[in-house]
Enquirer: 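Take a look at the following structure, please.
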Number of protein chains: 2
Amino acid sequence: MQTITTLDFALLGLISQKPCSGYDLRKFFSSTPMTSYSDSPGTIYPALHRLERRGLIRGQTETGKGQRERRLFQLTLRGRTEFRRWQLRPITRADVVRRLDALMLRFAFMDESAGPVATRRFLQAFHKELASYIPTLREYLKNNRSAMPLSGRLALESGILGYETLFRWTKAALAAYHKEN
Amino acid sequence: MQTITTLDFALLGLISQKPCSGYDLRKFFSSTPMTSYSDSPGTIYPALHRLERRGLIRGQTETGKGQRERRLFQLTLRGRTEFRRWQLRPITRADVVRRLDALMLRFAFMDESAGPVATRRFLQAFHKELASYIPTLREYLKNNRSAMPLSGRLALESGILGYETLFRWTKAALAAYHKEN
DNA sequence: TAGTCCATGTAAGATGTTACATGATTCA
DNA sequence: TGAATCATGTAACATCTTACATGGACTA
(Lines give C-alpha, C1' and ligand atoms only; values in the text may rest on other atoms or scores of the structure.)
Protein backbone atom coordinates (compact mmCIF):
# COMPACT_ATOMS: atom_id res chain seq x y z
CA MET A 1 0.00 0.00 0.00
CA GLN A 2 1.72 3.12 -1.29
CA THR A 3 1.32 6.51 0.29
CA ILE A 4 -1.22 9.08 -0.81
CA THR A 5 0.45 12.36 -1.74
CA THR A 6 -0.64 15.90 -0.96
CA LEU A 7 -1.70 16.33 -4.56
CA ASP A 8 -3.80 13.18 -4.25
CA PHE A 9 -5.55 14.62 -1.22
CA ALA A 10 -6.11 17.91 -2.99
CA LEU A 11 -7.82 15.99 -5.78
CA LEU A 12 -9.86 13.94 -3.32
CA GLY A 13 -10.91 17.11 -1.50
CA LEU A 14 -12.13 18.80 -4.64
CA ILE A 15 -13.86 15.68 -5.90
CA SER A 16 -15.57 15.30 -2.52
CA GLN A 17 -17.26 18.67 -3.01
CA LYS A 18 -18.73 17.66 -6.33
CA PRO A 19 -17.90 15.18 -9.11
CA CYS A 20 -15.11 16.49 -11.32
CA SER A 21 -13.40 15.65 -14.57
CA GLY A 22 -9.64 15.85 -14.92
CA TYR A 23 -10.14 18.98 -16.93
CA ASP A 24 -12.27 20.57 -14.18
CA LEU A 25 -9.49 19.88 -11.70
CA ARG A 26 -6.83 21.32 -13.98
CA LYS A 27 -8.88 24.49 -14.43
CA PHE A 28 -9.36 24.73 -10.70
CA PHE A 29 -5.63 24.64 -10.08
CA SER A 30 -4.92 27.14 -12.81
CA SER A 31 -7.69 29.64 -12.14
CA THR A 32 -8.11 29.85 -8.38
CA PRO A 33 -5.63 30.72 -5.63
CA MET A 34 -5.15 26.98 -5.08
CA THR A 35 -2.09 27.29 -7.23
CA SER A 36 0.45 25.25 -5.36
CA TYR A 37 -0.55 22.22 -7.38
CA SER A 38 0.41 21.58 -10.95
CA ASP A 39 -2.35 21.89 -13.51
CA SER A 40 -0.47 20.01 -16.21
CA PRO A 41 -2.15 17.00 -17.80
CA GLY A 42 0.95 14.89 -17.17
CA THR A 43 0.39 15.39 -13.46
CA ILE A 44 -3.39 15.27 -13.12
CA TYR A 45 -4.42 12.38 -15.36
CA PRO A 46 -1.91 9.83 -14.09
CA ALA A 47 -2.79 10.83 -10.52
CA LEU A 48 -6.48 10.23 -11.20
CA HIS A 49 -5.71 6.83 -12.73
CA ARG A 50 -3.69 5.90 -9.68
CA LEU A 51 -6.49 6.92 -7.34
CA GLU A 52 -8.97 4.90 -9.35
CA ARG A 53 -6.72 1.83 -9.35
CA ARG A 54 -6.47 2.12 -5.58
CA GLY A 55 -10.21 2.30 -5.26
CA LEU A 56 -10.41 5.81 -3.82
CA ILE A 57 -12.36 7.33 -6.70
CA ARG A 58 -14.57 5.98 -9.46
CA GLY A 59 -14.91 7.50 -12.91
CA GLN A 60 -17.92 7.39 -15.16
CA THR A 61 -17.75 8.35 -18.79
CA GLU A 62 -20.31 10.97 -19.53
CA THR A 63 -21.51 10.62 -23.09
CA GLY A 64 -22.20 14.13 -24.16
CA LYS A 65 -25.14 16.03 -25.44
CA GLY A 66 -23.06 17.67 -28.11
CA GLN A 67 -19.90 17.84 -26.00
CA ARG A 68 -16.89 15.64 -26.29
CA GLU A 69 -17.07 12.82 -23.77
CA ARG A 70 -15.42 13.20 -20.43
CA ARG A 71 -14.83 11.15 -17.31
CA LEU A 72 -16.52 12.37 -14.16
CA PHE A 73 -14.93 11.16 -10.96
CA GLN A 74 -16.57 10.71 -7.57
CA LEU A 75 -15.21 9.50 -4.26
CA THR A 76 -15.83 5.91 -3.30
CA LEU A 77 -16.75 5.06 0.28
CA ARG A 78 -13.15 4.06 0.81
CA GLY A 79 -11.93 7.35 -0.64
CA ARG A 80 -14.17 9.29 1.70
CA THR A 81 -12.93 7.30 4.67
CA GLU A 82 -9.27 7.74 3.79
CA PHE A 83 -9.72 11.43 3.25
CA ARG A 84 -11.40 11.93 6.59
CA ARG A 85 -8.77 9.83 8.34
CA TRP A 86 -6.07 12.02 6.84
CA GLN A 87 -7.85 15.18 7.96
CA LEU A 88 -8.21 13.91 11.50
CA ARG A 89 -4.63 12.74 11.94
CA PRO A 90 -2.98 14.29 14.98
CA ILE A 91 -0.92 17.40 14.19
CA THR A 92 2.78 16.85 14.72
CA ARG A 93 5.77 19.13 15.00
CA ALA A 94 6.92 17.80 11.63
CA ASP A 95 3.64 18.95 10.05
CA VAL A 96 4.22 22.46 11.32
CA VAL A 97 7.90 22.53 10.36
CA ARG A 98 7.75 20.97 6.93
CA ARG A 99 4.20 20.43 5.77
CA LEU A 100 2.24 23.62 6.38
CA ASP A 101 0.72 23.37 2.92
CA ALA A 102 -0.74 19.95 3.74
CA LEU A 103 -2.08 21.25 7.07
CA MET A 104 -3.91 24.11 5.37
CA LEU A 105 -5.26 21.72 2.76
CA ARG A 106 -6.59 19.45 5.50
CA PHE A 107 -8.28 22.43 7.07
CA ALA A 108 -9.68 23.90 3.87
CA PHE A 109 -12.03 20.95 3.33
CA MET A 110 -12.99 20.36 6.96
CA ASP A 111 -16.40 22.00 7.01
CA GLU A 112 -17.94 19.66 4.50
CA SER A 113 -16.16 16.53 5.40
CA ALA A 114 -15.37 16.54 9.12
CA GLY A 115 -17.81 18.89 10.82
CA PRO A 116 -17.43 21.82 13.22
CA VAL A 117 -16.32 19.86 16.29
CA ALA A 118 -13.38 18.24 14.49
CA THR A 119 -12.57 21.57 12.90
CA ARG A 120 -12.30 23.31 16.25
CA ARG A 121 -10.19 20.51 17.62
CA PHE A 122 -7.93 20.82 14.62
CA LEU A 123 -7.50 24.56 15.11
CA GLN A 124 -6.78 24.10 18.81
CA ALA A 125 -4.12 21.48 18.11
CA PHE A 126 -2.60 23.67 15.41
CA HIS A 127 -2.54 26.64 17.76
CA LYS A 128 -0.86 24.60 20.47
CA GLU A 129 1.77 23.19 18.14
CA LEU A 130 2.61 26.68 16.86
CA ALA A 131 2.80 27.95 20.43
CA SER A 132 5.45 25.36 21.20
CA TYR A 133 7.37 25.71 17.94
CA ILE A 134 7.71 29.47 17.58
CA PRO A 135 9.81 29.95 20.73
CA THR A 136 12.38 27.47 19.42
CA LEU A 137 12.79 29.62 16.32
CA ARG A 138 13.11 32.78 18.43
CA GLU A 139 15.67 31.00 20.57
CA TYR A 140 17.71 29.96 17.54
CA LEU A 141 17.64 33.52 16.25
CA LYS A 142 18.76 34.89 19.60
CA ASN A 143 21.68 32.48 19.83
CA ASN A 144 22.88 32.87 16.26
CA ARG A 145 21.95 36.43 15.47
CA SER A 146 25.46 37.81 15.60
CA ALA A 147 26.93 34.95 13.56
CA MET A 148 24.43 35.35 10.72
CA PRO A 149 24.77 37.66 7.74
CA LEU A 150 22.05 40.33 7.53
CA SER A 151 20.21 38.66 4.65
CA GLY A 152 20.25 35.29 6.37
CA ARG A 153 18.96 36.80 9.57
CA LEU A 154 16.19 38.66 7.77
CA ALA A 155 15.19 35.49 5.93
CA LEU A 156 14.83 33.69 9.23
CA GLU A 157 12.88 36.61 10.69
CA SER A 158 10.54 36.42 7.72
CA GLY A 159 9.89 32.77 8.52
CA ILE A 160 9.19 33.58 12.15
CA LEU A 161 6.82 36.39 11.20
CA GLY A 162 4.99 33.96 8.94
CA TYR A 163 4.50 31.52 11.80
CA GLU A 164 3.37 34.29 14.12
CA THR A 165 0.82 35.43 11.56
CA LEU A 166 -0.44 31.88 11.36
CA PHE A 167 -0.62 31.76 15.14
CA ARG A 168 -2.84 34.83 15.23
CA TRP A 169 -4.89 33.37 12.41
CA THR A 170 -5.65 30.18 14.36
CA LYS A 171 -7.05 32.35 17.16
CA ALA A 172 -9.20 34.35 14.77
CA ALA A 173 -10.38 31.19 13.01
CA LEU A 174 -11.39 29.63 16.32
CA ALA A 175 -13.31 32.76 17.18
CA ALA A 176 -15.11 32.54 13.83
CA TYR A 177 -16.19 28.98 14.65
CA HIS A 178 -17.34 29.86 18.12
CA LYS A 179 -19.41 32.69 16.80
CA GLU A 180 -21.03 30.44 14.22
CA ASN A 181 -22.33 27.90 16.71
CA MET B 1 21.88 20.81 -19.69
CA GLN B 2 19.42 19.79 -16.99
CA THR B 3 17.91 22.19 -14.55
CA ILE B 4 19.33 22.94 -11.13
CA THR B 5 16.78 22.29 -8.39
CA THR B 6 16.04 24.35 -5.31
CA LEU B 7 17.80 21.75 -3.19
CA ASP B 8 20.84 22.07 -5.44
CA PHE B 9 20.89 25.80 -4.88
CA ALA B 10 20.49 25.35 -1.14
CA LEU B 11 23.56 23.12 -1.23
CA LEU B 12 25.48 25.58 -3.39
CA GLY B 13 24.56 28.42 -1.05
CA LEU B 14 25.79 26.63 2.03
CA ILE B 15 28.94 25.41 0.32
CA SER B 16 29.60 28.96 -0.87
CA GLN B 17 29.81 30.11 2.76
CA LYS B 18 32.43 27.56 3.63
CA PRO B 19 33.55 24.15 2.33
CA CYS B 20 31.22 21.40 3.54
CA SER B 21 30.99 17.64 3.59
CA GLY B 22 27.78 15.83 2.82
CA TYR B 23 27.47 15.12 6.50
CA ASP B 24 27.85 18.79 7.41
CA LEU B 25 25.04 19.65 5.02
CA ARG B 26 22.80 16.93 6.39
CA LYS B 27 23.38 18.23 9.92
CA PHE B 28 22.64 21.73 8.80
CA PHE B 29 19.27 20.72 7.39
CA SER B 30 18.39 18.68 10.45
CA SER B 31 19.55 21.07 13.16
CA THR B 32 18.79 24.61 11.98
CA PRO B 33 15.50 26.23 10.91
CA MET B 34 16.50 25.52 7.31
CA THR B 35 14.35 22.46 7.55
CA SER B 36 12.46 22.52 4.29
CA TYR B 37 15.15 20.37 2.73
CA SER B 38 15.59 16.69 3.30
CA ASP B 39 18.56 15.66 5.40
CA SER B 40 18.47 12.05 4.27
CA PRO B 41 21.64 10.55 2.76
CA GLY B 42 19.68 9.28 -0.21
CA THR B 43 18.89 12.89 -1.10
CA ILE B 44 22.11 14.69 -0.21
CA TYR B 45 24.82 12.43 -1.56
CA PRO B 46 23.36 11.83 -5.01
CA ALA B 47 22.71 15.58 -5.29
CA LEU B 48 26.35 16.33 -4.47
CA HIS B 49 27.53 13.80 -7.03
CA ARG B 50 25.32 15.39 -9.66
CA LEU B 51 26.64 18.85 -8.87
CA GLU B 52 30.19 17.56 -9.10
CA ARG B 53 29.52 15.84 -12.43
CA ARG B 54 28.11 19.11 -13.75
CA GLY B 55 31.20 20.96 -12.64
CA LEU B 56 29.50 23.24 -10.10
CA ILE B 57 31.35 21.90 -7.07
CA ARG B 58 34.60 20.06 -6.51
CA GLY B 59 35.23 17.59 -3.71
CA GLN B 60 38.52 16.83 -2.03
CA THR B 61 38.98 13.83 0.17
CA GLU B 62 40.30 14.92 3.50
CA THR B 63 42.46 12.18 4.97
CA GLY B 64 41.90 12.45 8.67
CA LYS B 65 44.00 13.02 11.68
CA GLY B 66 42.24 10.20 13.48
CA GLN B 67 38.83 10.85 11.87
CA ARG B 68 37.25 8.79 9.20
CA GLU B 69 37.91 10.34 5.83
CA ARG B 70 35.38 12.70 4.37
CA ARG B 71 34.88 14.67 1.18
CA LEU B 72 34.94 18.44 1.51
CA PHE B 73 33.17 20.25 -1.31
CA GLN B 74 33.82 23.76 -2.56
CA LEU B 75 32.21 25.79 -5.32
CA THR B 76 33.98 25.94 -8.64
CA LEU B 77 34.11 29.22 -10.54
CA ARG B 78 31.28 27.92 -12.68
CA GLY B 79 29.27 27.02 -9.59
CA ARG B 80 29.71 30.50 -8.18
CA THR B 81 28.63 32.06 -11.47
CA GLU B 82 25.53 29.90 -11.80
CA PHE B 83 24.54 30.58 -8.23
CA ARG B 84 24.83 34.31 -8.64
CA ARG B 85 22.94 34.19 -11.93
CA TRP B 86 20.12 32.35 -10.20
CA GLN B 87 20.03 34.90 -7.40
CA LEU B 88 19.85 37.79 -9.83
CA ARG B 89 17.13 36.39 -12.05
CA PRO B 90 14.18 38.76 -12.38
CA ILE B 91 11.33 38.04 -9.96
CA THR B 92 8.21 36.85 -11.70
CA ARG B 93 4.60 36.45 -10.67
CA ALA B 94 5.12 32.68 -10.83
CA ASP B 95 7.92 32.97 -8.26
CA VAL B 96 5.60 34.75 -5.87
CA VAL B 97 2.67 32.43 -6.48
CA ARG B 98 4.39 29.07 -6.42
CA ARG B 99 8.03 29.39 -5.42
CA LEU B 100 8.24 31.57 -2.33
CA ASP B 101 10.65 29.13 -0.73
CA ALA B 102 13.10 29.54 -3.61
CA LEU B 103 12.77 33.33 -3.42
CA MET B 104 13.64 33.36 0.26
CA LEU B 105 16.53 31.02 -0.40
CA ARG B 106 17.85 33.36 -3.07
CA PHE B 107 17.63 36.21 -0.63
CA ALA B 108 19.13 34.37 2.35
CA PHE B 109 22.54 34.10 0.68
CA MET B 110 22.59 37.50 -1.01
CA ASP B 111 24.84 39.38 1.36
CA GLU B 112 27.86 37.22 0.78
CA SER B 113 27.36 36.46 -2.82
CA ALA B 114 25.62 39.36 -4.53
CA GLY B 115 26.28 42.47 -2.47
CA PRO B 116 24.05 45.19 -1.00
CA VAL B 117 23.02 46.89 -4.26
CA ALA B 118 21.68 43.69 -5.78
CA THR B 119 20.04 42.84 -2.47
CA ARG B 120 18.14 46.10 -2.37
CA ARG B 121 17.09 45.69 -5.98
CA PHE B 122 15.83 42.22 -5.15
CA LEU B 123 13.76 43.45 -2.23
CA GLN B 124 12.29 46.26 -4.30
CA ALA B 125 11.28 43.86 -7.06
CA PHE B 126 9.82 41.46 -4.50
CA HIS B 127 7.88 44.26 -2.89
CA LYS B 128 6.50 45.39 -6.21
CA GLU B 129 5.45 41.91 -7.26
CA LEU B 130 3.65 41.37 -3.96
CA ALA B 131 1.94 44.72 -4.34
CA SER B 132 0.51 43.62 -7.65
CA TYR B 133 -0.38 40.08 -6.59
CA ILE B 134 -2.13 40.62 -3.26
CA PRO B 135 -5.05 42.62 -4.71
CA THR B 136 -5.87 39.76 -7.08
CA LEU B 137 -6.22 37.47 -4.08
CA ARG B 138 -8.40 40.00 -2.25
CA GLU B 139 -10.50 40.33 -5.37
CA TYR B 140 -10.97 36.58 -5.65
CA LEU B 141 -12.01 36.42 -2.02
CA LYS B 142 -14.51 39.22 -2.48
CA ASN B 143 -16.11 37.58 -5.50
CA ASN B 144 -16.28 34.09 -4.07
CA ARG B 145 -16.72 34.71 -0.38
CA SER B 146 -20.37 33.74 -0.23
CA ALA B 147 -19.89 30.59 -2.32
CA MET B 148 -17.06 29.26 -0.15
CA PRO B 149 -17.47 27.13 2.96
CA LEU B 150 -16.15 28.76 6.13
CA SER B 151 -13.04 26.59 6.36
CA GLY B 152 -12.16 27.18 2.72
CA ARG B 153 -12.60 30.91 3.13
CA LEU B 154 -10.47 30.97 6.26
CA ALA B 155 -7.75 28.96 4.51
CA LEU B 156 -7.65 31.51 1.73
CA GLU B 157 -7.58 34.35 4.24
CA SER B 158 -4.63 32.69 5.92
CA GLY B 159 -2.78 32.69 2.61
CA ILE B 160 -3.54 36.35 2.06
CA LEU B 161 -2.40 37.26 5.58
CA GLY B 162 0.83 35.42 4.89
CA TYR B 163 1.47 37.45 1.74
CA GLU B 164 0.63 40.68 3.57
CA THR B 165 3.08 39.81 6.30
CA LEU B 166 5.69 39.20 3.65
CA PHE B 167 4.83 42.53 2.08
CA ARG B 168 5.45 44.37 5.35
CA TRP B 169 8.64 42.35 5.77
CA THR B 170 10.06 43.52 2.44
CA LYS B 171 9.58 47.11 3.61
CA ALA B 172 11.28 46.43 6.93
CA ALA B 173 14.11 44.57 5.22
CA LEU B 174 14.69 47.46 2.82
CA ALA B 175 14.82 49.82 5.77
CA ALA B 176 17.41 47.59 7.41
CA TYR B 177 19.59 47.81 4.31
CA HIS B 178 19.23 51.54 4.02
CA LYS B 179 20.22 52.01 7.61
CA GLU B 180 23.26 49.82 7.14
CA ASN B 181 24.72 51.85 4.29
C1' DT C 1 -11.39 28.11 -42.06
C1' DA C 2 -8.46 29.31 -38.54
C1' DG C 3 -8.02 29.79 -33.80
C1' DT C 4 -9.41 28.82 -29.23
C1' DC C 5 -11.26 26.05 -25.78
C1' DC C 6 -12.67 21.43 -24.21
C1' DA C 7 -10.76 17.01 -23.05
C1' DT C 8 -7.62 13.13 -22.38
C1' DG C 9 -3.70 10.90 -22.82
C1' DT C 10 1.59 8.99 -23.19
C1' DA C 11 6.80 9.03 -23.00
C1' DA C 12 11.33 10.27 -21.44
C1' DG C 13 13.99 11.77 -18.12
C1' DA C 14 15.07 13.49 -13.61
C1' DT C 15 14.38 13.91 -8.77
C1' DG C 16 12.98 12.50 -4.22
C1' DT C 17 11.78 8.93 -0.52
C1' DT C 18 12.58 5.04 2.16
C1' DA C 19 15.16 1.46 3.42
C1' DC C 20 19.22 -0.97 3.55
C1' DA C 21 24.25 -1.35 4.07
C1' DT C 22 28.86 -0.45 5.72
C1' DG C 23 32.52 0.86 8.61
C1' DA C 24 35.41 4.05 11.68
C1' DT C 25 35.74 6.53 16.06
C1' DT C 26 34.53 8.00 20.66
C1' DC C 27 32.93 7.44 25.18
C1' DA C 28 30.67 5.32 29.12
C1' DT D 1 32.12 -4.03 24.68
C1' DG D 2 28.20 -1.78 23.39
C1' DA D 3 25.97 2.42 21.97
C1' DA D 4 26.08 6.71 19.77
C1' DT D 5 27.93 9.57 16.39
C1' DC D 6 30.63 10.45 12.23
C1' DA D 7 30.53 9.51 7.38
C1' DT D 8 29.24 7.81 2.81
C1' DG D 9 26.94 5.24 -0.15
C1' DT D 10 23.29 2.25 -3.21
C1' DA D 11 18.71 0.26 -4.77
C1' DA D 12 13.89 0.19 -5.58
C1' DC D 13 10.17 2.60 -6.27
C1' DA D 14 7.16 6.38 -7.08
C1' DT D 15 6.27 10.88 -8.52
C1' DC D 16 6.76 15.18 -11.15
C1' DT D 17 8.06 18.01 -15.25
C1' DT D 18 8.13 18.93 -19.91
C1' DA D 19 6.98 17.92 -24.25
C1' DC D 20 4.42 15.73 -27.56
C1' DA D 21 0.05 14.00 -29.50
C1' DT D 22 -4.78 13.80 -30.70
C1' DG D 23 -9.30 15.21 -31.79
C1' DG D 24 -14.10 17.31 -31.12
C1' DA D 25 -16.80 21.65 -30.73
C1' DC D 26 -17.52 26.43 -31.05
C1' DT D 27 -17.06 31.04 -32.93
C1' DA D 28 -15.33 35.05 -35.48
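Owing to the predicted nature of the structure, the values given are computational and were not obtained by experimental measurement. In the text below, chain A, chain B and the rest are named by the order of the sequence lines, each starting its count at 1.
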Enquirer: Which of these nucleotides, C:dT18, C:dG9, D:dT18, is closest to any side-chain atom of A:Y45?
Expert: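 In terms of side-chain proximity for A:Y45, the closest of C:dT18, C:dG9, D:dT18 is C:dG9.
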Enquirer: Please determine whether salt bridge (Lys or Arg N to Asp or Glu O under 4.0 Å) holds for the pair B:R70 and B:D24, giving the CA-CA distance in whole Å, both sets of side-chain angles, and the decisive distance to 0.1 Å.
Expert: CA-CA 10 Å; B:R70 60 201 212 119; B:D24 292 339; 3.5 Å; yes
Enquirer: Between C:dG9 atom C1' and A:E69 atom CD, what is the distance in whole Å?
Expert: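 One finds 13 Å between C1' of C:dG9 and CD of A:E69, rounded.
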Enquirer: Taking everything shown except A:R50 itself, do over 12 heavy atoms lie less than 6.0 Å from its CZ?
Expert: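 Yes.
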Enquirer: N/O contacts under 3.5 Å, protein versus nucleotides 12-15 of chain D?
Expert:
{"from": "D:dA14", "atom 1": "OP1", "to": "A:Q2", "atom 2": "OE1", "distance (Å)": "2.9"}
{"from": "D:dT15", "atom 1": "OP1", "to": "A:R50", "atom 2": "NE", "distance (Å)": "3.4"}
{"from": "D:dT15", "atom 1": "OP1", "to": "A:R54", "atom 2": "NH2", "distance (Å)": "2.7"}

Enquirer: In whole angstroms, how far is the C1' atom of D:dG24 from the CD atom of A:E62?
Expert: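 In whole Å, D:dG24 C1' lies 15 Å from A:E62 CD.
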Enquirer: Calculate the interatomic distance between A:H49 atom NE2 and C:dT10 atom P; express it in whole Å.
Expert: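 The answer, rounded to whole Å, is 6 Å.
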Enquirer: Would you call the rings of B:F109 and B:F83 parallel, tilted or perpendicular, taking 30° and 60° as the class edges?
Expert: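 Correct class here is perpendicular.
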Enquirer: Regarding A:Y177 and A:D111, do their side chains bring together a donor and an acceptor under 3.5 Å, going by distance alone?
Expert: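 A:Y177 vs A:D111: donor-acceptor pair found between side chains.
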Enquirer: State, without any angle test, whether B:S113 and B:R80 hold a side-chain donor-acceptor pair at a distance under 3.5 Å.
Expert: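 Not at all, the side chains of B:S113 and B:R80 share no donor-acceptor pair under 3.5 Å.
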Enquirer: Roughly, in whole Å, what's the span from CG in B:L48 to C1' in D:dT10?
Expert: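 My rounded result for the distance is 15 Å.
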Enquirer: Could you tell me how far apart B:D39 (CG) and C:dG16 (C1') are, to the nearest whole angstrom?
Expert: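 The answer, rounded to whole Å, is 13 Å.
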Enquirer: Take B:G42 and A:G42, find for each the nucleotide of DNA chain C with the closest heavy atom, and name the residue whose nucleotide sits nearer the 5' end.
Expert: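 Of the two residues, A:G42 wins.
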Enquirer: One pair to check against side-chain contact (heavy atoms from CB on, under 4.5 Å): A:Y45 and A:L25. What are the steps and the verdict?
Expert: CA-CA 10 Å; A:Y45 291 109; A:L25 294 161; over 6 Å; no
Enquirer: Examine C:dG16: is either OP1 or OP2 under 4.0 Å from a nitrogen or oxygen in the side chain of B:S40? Give yes or no.
Expert: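 Answer no for this pair, as no side-chain N or O of B:S40 is under 4.0 Å from OP1 or OP2.
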Enquirer: For D:dC16 and A:T43 - does any side-chain N or O of the residue sit under 4.0 Å from the phosphate oxygens OP1/OP2?
Expert: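 Checking A:T43 against D:dC16: no side-chain N or O falls below 4.0 Å of OP1 or OP2.
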Enquirer: Would you tell me whether A:E129 and A:T92 have side-chain atoms, one donor and one acceptor, within less than 3.5 Å of each other?
Expert: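 Per modelled atom types, A:E129 and A:T92 side chains form no pair under 3.5 Å.
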Enquirer: Can you list, by residue number, the residues of residues 89-106 of chain A that have a non-hydrogen atom closer than 4.0 angstrom to DNA chain D?
Expert: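 Per residue number, the list is empty: none.
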Enquirer: Write down the distance between CD1 (B:I44) and P (C:dT15), rounded to a whole number of angstrom.
Expert: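 In whole Å, C:dT15 P lies 14 Å from B:I44 CD1.
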Enquirer: Could you label the plane-to-plane angle of the B:F122 and B:F126 rings as parallel, tilted or perpendicular, counting under 30° as parallel and over 60° as perpendicular?
Expert: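 Correct class here is perpendicular.
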Enquirer: Does anything in residues 21-33 of chain B come within less than 4.0 Å of DNA chain D? Heavy atoms only, and list the residues if so.
Expert: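 Those residues are B:S21, B:G22, B:Y23, B:R26.
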Enquirer: Determine whether the aromatic ring centres of residues A:W169 and A:Y163 are separated by less than 6.0 angstrom.
Expert: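 Here the rings of A:W169 and A:Y163 have centres that are no less than 6.0 Å from each other.
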Enquirer: Going through the distances and angles, do A:E157 and A:R145 end up as a salt bridge (Lys or Arg N to Asp or Glu O under 4.0 Å)?
Expert: CA-CA 10 Å; A:E157 282 171 358; A:R145 190 187 189 85; 3.8 Å; yes
Enquirer: Just say parallel, tilted or perpendicular for the rings of B:F167 and B:H127, cut-offs at 30° and 60°.
Expert: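 Rings of B:F167 and B:H127: parallel, under 30°.
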